[in-house]
Student: 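Here it is, the structure in full.
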Amino acid sequence: VDIRSDRKEYGARFSLNHTTKSGLLNFSANISPRFVYRNNSDWSVFRAALEANPTTPVFDPNIPGQYSNFNGQAAGMNPVELLKLDQSGGETKLLDWDATVKLNLLPLLAKEGTSVHSLNTQVTLAQQQNDNFNFWFRPAISTMAQNSGRSGEASRDYGKSRQESLEWLVNYTMEKNQHHLKLMGGYSYQYFQNSGMSASNKDFPSDILSYNNLAQGEWAKEEGRNEMGSYKNDSKLIAFFGRINYDYKGRYLFTASYRYEGSSKFGKNNKWGTFPSIALAWRINQEEFLRNVSWIDNLKLRFGYGVTANTSINPYQTKGLLSKKYYNYGENMVIGYTSSSLPDKTLTWETTGQWNVGVDFSFFRGRLSGTVDAYLQNTHDLLLDRQLPAVSGYTSVLTNVGKTRNKGIEVSLSTVNIQNKDFTWSTDFMYSTNKEEIVELYNGKVDDIGNSWFIGEALGVYYDYKKIGI
């Protein structure tokens, strides 16, 4: 049983919604604060409890109030002491809010207040804030602190993240003679910021202040020792987008969308990307030649193609980063900076184009139903760390390494075998298969043995000698 960890969480949610009497204007707002207080577990104590000598008492029988020292045992620590004396926990404060103003133009402003057209526009502002504080303290009376030659150890860190967004949408719909048309266009702006700091120290004159006065520790006062750190980064994501939805009698369905998106994470000439998609569907069972086939409840054929993107790189990664280094200058230790990562201004979006063909079906009043999907994914400009020769001075570089392909089939089938007022028996079956392969690398259709990337094979395969046995 974990005797230290616990969690207390408090939250609330407030909502406001108001519509003018005419219905022309609508305003809504939501705010949701949340507070979390926690004491952390240390999962290593469970392993230590299993490895500890079961005859060793928790407390040292020769020193009243002192825990037994497990130094020299396989466990390496007294698990009860660690949970009782060490302090490890934190506080998290979250605040989410959003506000939307919506203007309803049609049919409200149409003649006689009726129209087959509908037109509205809305603006939404939102923000998410996350403040996170963590602490850790090990007192001088701990046998683990004494084994390491320290009279107390402590650390604390604080991090803050903030996401702000602005979205503007325009929506238009039309319904006439069983034709249904929906148009949507918009603009999106997102800003992300992360910042934080950390500090630690050792050898305190007293355990009373625990982690609350790190400056009292003697360890960090030695020249050349720096147990502080801080960071701050931000990024932006901007998009212009539109979508068309059309259907006739609910039988023929068409959807198309287009997104033009830019990220500040990429280089000057590669910030923007275009991501289109299209989807078609045909409800075959609504055609005249199948309308009188009573055992077919639903039969829909689907086809789609779309492009999605990945921006999972760190801000400023295309610029190259510097790291701090200590070196001796005469009799003094001074700080210098050295390049820690290579810049790559050609880094661009990782994109995946996916083709999909599928069938949805339901027969015998829902007794037999399911879906069949076949897909093909082609990923271009894959974002991966490529290993470099050590003589280059770097171990790896993030780059667009090439192209991969995924293809497969997914099948789901549901049956209702028995159904009455007293008993129901149904079954579900699922089947899927997928094949991944590298199509091309940064140097063409040439294997990269150092990174274990091979044309025609999946990412992450093992490369080793063939074994012939012993």
Student: Looking at D447 and I449, would you say the former's side chain and the latter's main chain have a donor-acceptor pair under 3.5 Å?
Tutor: no
Student: Do N378 and K403 come close enough that some side-chain heavy atom pair is under 4.5 Å?
Tutor: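 Heavy-atom side-chain distance check fails, nothing below 4.5 Å.
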Student: Given 3.5 Å as the limit, does a donor-acceptor pair link the side chain of S68 with the main chain of D60, or not?
Tutor: yes
Student: For Y211 and N134, test the side chains for any donor-to-acceptor distance below 3.5 angstrom and give the result as yes or no.
Tutor: no
Student: Would you say the side-chain atoms of N53 pair up with the backbone N or O of T55, donor to acceptor, closer than 3.5 Å?
Tutor: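 Pair found, side chain donor or acceptor close to backbone of T55.
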Student: Between N71 and G76 (side chain of the first, backbone of the second, donor and acceptor by atom type, cut-off under 3.5 Å), is there such a pair?
Tutor: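 The answer is no, because no donor-acceptor pair under 3.5 Å joins these two groups.
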Student: Identify which one of L95, D98, D96 satisfies the side-chain contact (heavy atoms from CB on, under 4.5 Å) criterion when paired with I31.
Tutor: L95
Student: Counting N and O atoms only, with roles assigned by atom type, does the side chain of S340 sit under 3.5 Å from a partner on the main chain of L321, one being a donor and the other an acceptor?
Tutor: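 Checked: pair present.
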Student: I want to check something: taking the side chain as every heavy atom from C-beta on, are T124 and Q122 in contact at a cut-off of under 4.5 Å?
Tutor: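 Sidechains of Q122 and T124: in contact.
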Student: Do N30 and R13 have side chains that approach each other closer than 4.5 Å (heavy atoms only, starting at C-beta)?
Tutor: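 N30 reaches R13 side chain to side chain.
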Student: Tell me whether S148 contacts the main-chain N or O of M144 through its side chain, where contact means a donor paired with an acceptor under 3.5 Å.
Tutor: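 Yes: the side chain of S148 pairs with the backbone of M144.
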Student: Evaluate the criterion side-chain hydrogen bond (donor to acceptor under 3.5 Å, both in side chains) for residue pair Y231 and N194; output intermediate values, then yes/no.
Tutor: CA-CA 8 Å; Y231 66 91; N194 299 281; over 6 Å; no
Student: Enter the distance from L382:CG to I438:CD1 here, rounded to the nearest 0.5 Å.
Tutor: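 Reported to 0.5 Å precision, the distance equals 8.0 Å.
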Student: Centres of the Y67 and F59 rings: under 6.0 Å?
Tutor: yes
Student: Checking side-chain contact (heavy atoms from CB on, under 4.5 Å) between F204 and each of L214, L209, N213, which is the one that passes?
Tutor: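 Checked L214, L209, N213 against F204; only one passes side-chain contact (heavy atoms from CB on, under 4.5 Å): L214.
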Student: Counting only N and O atoms by type, is there a donor-acceptor contact under 3.5 Å from the side chain of N78 to the main-chain atoms of F70?
Tutor: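 No, the answer is negative, given that no donor and acceptor are paired below the 3.5 Å cut-off.
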Student: Main chain of N451, side chain of D448: is a donor-acceptor contact present, judged purely on distance under 3.5 Å?
Tutor: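 Looks like yes, one N/O pair under 3.5 Å.
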Student: Do any N or O atoms from the side chain of D207 and from the backbone of A140 form a donor-acceptor pair under 3.5 angstrom?
Tutor: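 A pair under 3.5 Å: yes.
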Student: Show your working on side-chain contact (heavy atoms from CB on, under 4.5 Å) between L376 and Q354 and close with a plain yes or no.
Tutor: CA-CA 6 Å; L376 174 65; Q354 176 168 324; over 6 Å; no
Student: Side chains of K102 and N120: does their closest heavy-atom pair fall under 4.5 Å?
Tutor: yes
Student: Is there a donor-acceptor contact under 3.5 Å linking the side chains of N39 and R4?
Tutor: no
Student: Got a donor-acceptor contact below 3.5 angstrom from the K467 side chain to the Y465 backbone?
Tutor: yes
Student: For Y442 and N400, which I'm curious about, is there any donor-acceptor pair between the side chains at under 3.5 Å?
Tutor: no
Student: Does R156 make a cation-pi contact with F133, if we ask for NZ or CZ under 6.0 Å from the ring centre and within 45° of the axis?
Tutor: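 Negative - R156 is either too far from the ring of F133 or too far off its axis.
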Student: Would you check, one step at a time, whether the test side-chain contact (heavy atoms from CB on, under 4.5 Å) holds for F241 with Y258?
Tutor: CA-CA 6 Å; F241 50 87; Y258 182 84; over 6 Å; no
Student: Using the ring of each side chain (for Trp, its six-membered ring), is Y187 parallel, tilted or perpendicular to F240, with breaks at 30° and 60°?
Tutor: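 Taking F240 first and then Y187, their aromatic rings sit tilted (interplane angle of 30° to 60°).
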Student: Please determine whether salt bridge (charged side-chain N to carboxylate O under 4.0 Å, His left out) holds for the pair R150 and E153, giving the CA-CA distance in whole Å, both sets of side-chain angles, and the decisive distance to 0.1 Å.
Tutor: CA-CA 7 Å; R150 300 298 172 195; E153 303 174 64; over 6 Å; no
Student: Cut-off 3.5 Å, side chains only: do W97 and S32 have a donor facing an acceptor?
Tutor: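 Short answer, no.
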Student: Would you tell me whether Q387 and T395 have side-chain atoms, one donor and one acceptor, within less than 3.5 Å of each other?
Tutor: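 There is no such pair between these side chains.
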Student: Out of T100, N17, T20, which residue meets the side chain to side chain donor-acceptor pair (under 3.5 Å) rule with N26?
Tutor: N17
Student: With side chain to side chain donor-acceptor pair (under 3.5 Å) as the test, pick out the partner of Q193 among R162, Q129, K236, E164.
Tutor: R162
Student: Check whether any side-chain heavy atom of Y172 sits under 4.5 Å from a side-chain heavy atom of K182, and report yes or no.
Tutor: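 Counting from C-beta outward, Y172 and K182 never come under 4.5 Å.
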Student: Look at the rings of W349 and F266 and say which category their plane angle falls in: under 30° parallel, 30 to 60° tilted, over 60° perpendicular.
Tutor: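 W349 and F266: tilted rings.
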Student: Could you check E227 against W219 for side-chain contact (heavy atoms from CB on, under 4.5 Å), going step by step and ending with a plain yes or no?
Tutor: CA-CA 9 Å; E227 290 297 300; W219 189 86; 3.2 Å; yes
Student: Look at the aromatic rings of F46 and W43 and report parallel, tilted or perpendicular, splitting at 30° and 60°.
Tutor: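 Aromatic pair F46/W43 classed parallel.
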Student: Can you measure from CE (M197) to NZ (K160) and round to the nearest 0.5 angstrom?
Tutor: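 Spacing of CE (M197) from NZ (K160) equals 14.0 Å.
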Student: Would Y375 and W355 count as a ring-ring contact (aromatic ring centres under 6.0 Å, His included) if you check the C-alpha gap in whole Å, the side-chain angles of each, and the deciding distance to 0.1 Å?
Tutor: CA-CA 6 Å; Y375 62 87; W355 300 87; over 10 Å; no
Student: Let me see the working for L25 and L103 under side-chain contact (heavy atoms from CB on, under 4.5 Å), right down to the final yes or no.
Tutor: CA-CA 5 Å; L25 194 65; L103 183 63; 4.1 Å; yes
Student: Does the side-chain hydrogen bond (donor to acceptor under 3.5 Å, both in side chains) test come out yes or no for S88 and D86, once each step is laid out?
Tutor: CA-CA 6 Å; S88 178; D86 283 16; over 6 Å; no
Student: Just checking F454 against Y463, ring centres under 6.0 Å apart?
Tutor: yes
